[in-house]
There are 2 protein chains.
Amino acid sequence: MPDGAARQVKRKDKYRRRQTEVFDAAAAVFARKGYHGASTGDIAAELGIAQSSLYYYFKSKDEALEKVCLQGIKGYVERLQAIVTGDVPADVKIREAIHNHIEPVNFIPDYFRTFVGELRYLPSNRRQKLNNMIAEYNALFEQILIDGIAEKTFTATLDCHASMLMLIAQCNTVPFWFGQFEHYSSTQLATVLADNFLLGALPRRNE
Amino acid sequence: MPDGAARQVKRKDKYRRRQTEVFDAAAAVFARKGYHGASTGDIAAELGIAQSSLYYYFKSKDEALEKVCLQGIKGYVERLQAIVTGDVPADVKIREAIHNHIEPVNFIPDYFRTFVGELRYLPSNRRQKLNNMIAEYNALFEQILIDGIAEKTFTATLDCHASMLMLIAQCNTVPFWFGQFEHYSSTQLATVLADNFLLGALPRRNE
DNA sequence: TTATTTTTCGATAGACCTATTGAAAAAAAG
DNA sequence: CTTTTTTTCAATAGGTCTATCGAAAAATAA
């Protein structure tokens, strides 16, 4: 028989598991109907419980969106940080970065979509932290391109800032059409995207 | 003094001009707050009139969104059609197509943003026509790439369908950050995007 | 000016939505 | 089985939103 402290932990764990189910449902509904188009009643219906029961797990719809967005970006910056500091050429880093960005579509697609599409509806006080993470992420991404020019991996004419925005824009649209093209895996898709960016559509002679 | 028929035309014209102002306001509010986040009261406030006055110009909020979206895509297909059938190499066509897609950010940015971001919230009966136009547009865009491979302008390894989606995805994000980077004109931006797609980031030897 | 048409408005019905509250049901502990 | 704690619920206050309606105001015509 567990002692008092262990019992507390177990109870908290059970609560957190249920809470995760609630946020999963919220993410699914936000992704499908948009934040403002989704009601707490919709989320409850997704779970088969009463609308008021949700408030045992979050304090407001705003907070639910914040948690979903935080979950959606979780780990992104850390993984990109590791890629940037890696000891490989910039073109390999770009391939890794693109893969890193797209891959979560496989296991948290609703969080991914909600983060990309609904973050702007977070009240500005809650949005601050997430905006900072995005700025940091973008800077890391751009750094790969800047370093790539310095090490002569990329052409000097590359517009690093615009290219960074465009690469991320491409990755961010993937969760919105991933279900419709099952013949691509996320890995294949990342490869297509990276090949396009690195090689270009015009043929190359010496390769 | 105009006769009866001419008077009717003049009145209709005046009505249409005012209606355009109403849709302009709707597009602005939809773009800023999202369709579900925007109320008809917000649109009225933008115009400085009563909320109920709007219903003299449209029958429902849905209809307003439909009209804004239709205005947002107006001319796109026709212009791309002309580009596709033009007598120039595929790389030039791609440059033209990208320019054609991005340029409206200069004169109808709110319609552009609303079309890209809010179309999905149109009830499916109203959305049908617009979806068909998008399908047609995408097919035309992809045709440029397919033709480009056939005429040896592009590498045979190019994934035309994925590339089409990615190019359009890039163009579609432009209206969401255009205001923040004033040192790019839409033309310069189109050039960066096309250069990236055609040439790639890796240096080329013989050019 | 007076009469007619166009445009705007105030008031509101009817619906929906968020968040709260106290109580009931379910689960866990004793 | 009884008590305690956790989880869910029904009911609802208080707010917002869309769309309608008849009347008022403004513009135009006679």
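Numbers restart at 1 for each chain; the letters A, B, ... are given by sequence-line order, proteins then strands.
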Query - Presence of B:Lys14 side-chain N/O under 4.0 Å of D:dA27 phosphate oxygens OP1/OP2 - result: no
Query raised in the report: Between A:Ser52 and A:Tyr15, which is nearer to the 5' end of DNA chain D once each is assigned its nearest nucleotide?
Result: A:Tyr15
Requested in this report: Using the six-membered ring wherever Trp is involved, compare the ring planes of A:His101 and A:Tyr76 and label them parallel, tilted or perpendicular (cut-offs 30° and 60°).
Outcome: perpendicular
**Report entry** Phosphate OP1/OP2 of D:dT7 contacted by A:Tyr57 side-chain N/O (<4.0 Å)
**Finding:** no
**Report entry** Touch class at under 4.0 angstrom, heavy-atom based, for A:Ala38 against every strand present
**Finding:** sugar-phosphate
Query raised in the report: Using 4.0 Å as the upper bound for N to carboxylate O, is an ion pair formed by B:Glu21 and B:Arg18?
Result: yes
Report summary line: note: B:Lys61, atom NZ; D:dT18, atom C1'; distance rounded to Å ~ 8 Å
Query raised in the report: Does the pair B:Arg32/B:Glu46 count as a salt bridge with the N-to-O cut at 4.0 Å?
Result: yes
**Report entry** Presence of A:Arg18 side-chain N/O under 4.0 Å of D:dT6 phosphate oxygens OP1/OP2
**Finding:** no
Report task. Would you tell me if any nitrogen or oxygen in the side chain of B:Thr40 comes within less than 4.0 Å of OP1 or OP2 on D:dC17? Result -> no
Query raised in the report: Do the side-chain N or O atoms of A:Tyr56 get closer than 4.0 angstrom to the phosphate oxygens (OP1, OP2) of D:dT7?
Result: yes
Query raised in the report: How would you label the contact of B:Phe58 with the nucleic acid (heavy atoms, under 4.0 Å): base, sugar-phosphate, or nothing?
Result: nothing
Query raised in the report: C:dA13 P sits how many Å from B:Gln51 CD, rounded?
Result: 15 Å
Report task. Look at all strands and tell whether B:Ser39 reaches a base, only sugar-phosphate, or nothing, counting heavy atoms closer than 4.0 Å. Result -> sugar-phosphate
Query raised in the report: Hey, does the side chain of B:Lys61 reach the backbone of B:Tyr35 with a donor-acceptor pair shorter than 3.5 angstrom?
Result: yes
Requested in this report: Answer with base, sugar-phosphate or nothing: what part of the nucleic acid does A:Ala44 contact at a heavy-atom distance below 4.0 Å?
Outcome: nothing
